[in-house]
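Chain A is the first sequence line, chain B the second, and so forth, proteins listed ahead of strands; every chain is numbered from 1.
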There are 2 protein chains.
Amino acid sequence: MNTNESGGSGVIGATKTSFGIVEHLRDEGASGVSDVAIALGISKSTAHNHLQTLLRLGYVVQVDGEYALGLKFLDLGDHARTRHALYHASIGEMDDLVDAVGERGQVMVEENGRGVYIYQVKSEQGLQTDSHIGTTVDLHTTAVGKSYLAFCDEQHRNEILGDDLPQLTSKTIDDRAELDAELDAIRERGHAFNDEERITGMRAVGAPILSDDETILGSISVSGPTTRMKGEWYHSEVPEMVKQAARVIGIRATYS
Amino acid sequence: MNTNESGGSGVIGATKTSFGIVEHLRDEGASGVSDVAIALGISKSTAHNHLQTLLRLGYVVQVDGEYALGLKFLDLGDHARTRHALYHASIGEMDDLVDAVGERGQVMVEENGRGVYIYQVKSEQGLQTDSHIGTTVDLHTTAVGKSYLAFCDEQHRNEILGDDLPQLTSKTIDDRAELDAELDAIRERGHAFNDEERITGMRAVGAPILSDDETILGSISVSGPTTRMKGEWYHSEVPEMVKQAARVIGIRATYS
DNA sequence: GTGTTTTGTTCGGCAGTGCCGAACACATGT
DNA sequence: ACATGTGTTCGGCACTGCCGAACAAAACAC
């Protein structure tokens, strides 16, 4: 009998459990054989086999007798984001934008219906970053995400936004009609706001990155605490800076 | 008969080929099924199975009908380096060091006998970075690597340095006795130089990061072209700055 | 336009192998 | 000394990963 109940047809079980182990090490940190076996519901010997395999391939390392993620994943991750023209195009420009605004900035692309941060610039006043490179977010809860949704084609948008919209804070837009209205406004203005819709106390301003043929590549935003992101600064000046940076990045991304 | 000739005993073949495919996508970029099958020497149907599995797990994405690395690896890579106390400890300090010196800086740890860059700060004059996050280097060809070798225990050093030392440039130290002498000097001074030993035209100054119990955690360096890295500046002033930064990082790494 | 090649996909079927459980060392702590 | 945890090794069964062939569907030729 197959213990890998879900997964449908044609899914290789061994690969699935190997990556399951990898994800366990990511979420729980360094672990031992027994720990992994219990967590994944597999036998100790199987867990041992997989860990030894991953060890030999160099994707897992042994530290203090426990197994942990190896740095080979760093290289893979770097290659994954290097694929995106948006990454190269935004590097210098985002740093300038963050300097000018004084708040944290990030670059997002969409993958499998979620937003993924592929670049992040911390500001001078560097506050604790809850999100890091590789973090995924619900698109409808962020300025970057809403910028993306507003400018991607409708069919794609409908695929991404499932039946219900998770509510993360009291201000999260969890109604589809309301979201559509918001997206219309964003399309109109050319930039998006996030007013504590993902994290209470945090605001952000985002804008889409469009290539010259109007297809969307991703989006950028700057974000900071409500104490600093407010007034005319937040509502007018920052949006203009973000949009200007987005335009430059869009141009750089198409010619490269 | 087993087509996975190498690998020894207890190595799960399916996992090995899955990661082989991942590495192919990393090295060759987005590829199709046939391409992968030929490159790995497996049947088309097997390649198809693996790619579908990886696709469903989210580690591979489809773009223009071809398969490419997914951004899930970004997250894994980030978690892998977050494990190292050295990463957190060096973030702010390295930025300051790079500001002061005006050349690129990097943080390295050792894994499986090679040096891996886990953090890198580009300088103002930002020149093309041949190396990026996750890059691995031969330890004896870099300032960071030699700093590490000089301060790790002898047994470990002998394991790392195999029988021969690859020569990358005409100035690479490829003789073990010569290297040992160099390491003695580094231990004496507390810092290492790299004078075009990995890349012609590039120099670097490195220093080890030691925790308070004298165990080595990794090392740091700043590097730039020979045109700027020269004279008293290169031989005395920069080393002092690097060592000072290394001391601070070492202290921060132990108390965190 | 037709033919040709290369692509991705689906389909049985054999054998190889991944999986388990039990038995084994080894360390840790009571 | 015992008890409980750990990681490891060992057979053996049945499942499953692998192949090759047949298929579908583009891309390319001319």
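- Checked against side chain to side chain contact (heavy atoms under 4.5 Å, CB included), B/S43 has the following partners two or more places apart in sequence or in another chain: B/S45, B/T46.
- Among residue pairs with one or both ends in residues 139-153 of chain A, those qualifying as salt bridge (Lys or Arg N to Asp or Glu O under 4.0 Å) are A/K146-A/E182, A/K146-A/E197; sequence neighbours excluded.
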Using a cut-off of under 3.5 Å, enumerate the N/O to N/O pairs linking the protein to nucleotides 24-27 of chain D.
none

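- A straight line from CD1 of B/I12 to C1' of C/dC19 spans 9 Å, rounded to a whole angstrom.
- By the salt bridge (Lys or Arg N to Asp or Glu O under 4.0 Å) test, B/D175 is found to be paired with no residue, residues two or more places apart in sequence or in another chain being considered.
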- Message: One pair to check against ring-ring contact (aromatic ring centres under 6.0 Å, His included): A/F19 and B/F19. What are the steps and the verdict?
- Response: CA-CA 10 Å; A/F19 276 99; B/F19 276 99; 5.0 Å; yes

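- With sequence neighbours left out, the salt bridge (Lys or Arg N to Asp or Glu O under 4.0 Å) criterion links A/E23 to B/K72.
- For the 3.5 Å distance criterion, the side chains of B/D213 and B/T215 qualify, holding a donor opposite an acceptor.
- Take B/D35 and apply the salt bridge (Lys or Arg N to Asp or Glu O under 4.0 Å) test, not counting sequence neighbours, and it matches no residue.
- Atom CD1 of B/I42 is separated from atom C1' of D/dG17 by 11 Å (rounded to the nearest Å).
- Taking the screw axis at each terminus of the helix from C/dG8-D/dC23 to C/dC24-D/dG7 from five consecutive base pairs, the angle between the two is 60° to within rounding of 10 degrees.
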For residues 109-118 of chain A, please give each side-chain donor-acceptor pair under 3.5 Å, one per line with the distance, not counting sequence neighbours.
| residue | atom | partner | partner atom | Å |
| --- | --- | --- | --- | --- |
| A/E110 | OE1 | A/Y148 | OH | 3.4 |
| A/E110 | OE2 | A/G113 | N | 2.8 |
| A/E111 | OE1 | B/L71 | N | 3.2 |
| A/E111 | OE2 | B/L71 | N | 2.9 |
| A/R114 | NE | A/T136 | OG1 | 3.0 |
| A/R114 | NH1 | A/D138 | OD1 | 2.9 |
| A/R114 | NH2 | A/T136 | O | 3.3 |
| A/R114 | NH2 | A/T136 | OG1 | 3.2 |

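- OP1 or OP2 of D/dC18 has at least one side-chain nitrogen or oxygen of B/H50 nearer than 4.0 Å.
- Taking atom CG on A/D64 and atom P on D/dG7, their separation rounds to 13 Å, with Å as the unit.
- With sequence neighbours left out, B/R83 forms a salt bridge (Lys or Arg N to Asp or Glu O under 4.0 Å) with no residue at all.
- A/S18 is linked by a side-chain hydrogen bond (donor to acceptor under 3.5 Å, both in side chains) to A/H50, B/T15, counting only residues two or more places apart in sequence or in another chain.
- Between B/T46 and D/dC18 there is no side-chain N or O to OP1 or OP2 distance below 4.0 Å.
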- Any chance you could list the contact pattern along nucleotides 4-14 of chain C? Use B for base contacts, S for sugar-phosphate-only contacts and - for none, protein heavy atoms under 4.0 Å, 5' to 3'. ---SBSB----

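- Checked against ring pair (Phe, Tyr, Trp, His ring centres under 6.0 Å), A/H132 has the following partners two or more places apart in sequence or in another chain: B/H79.
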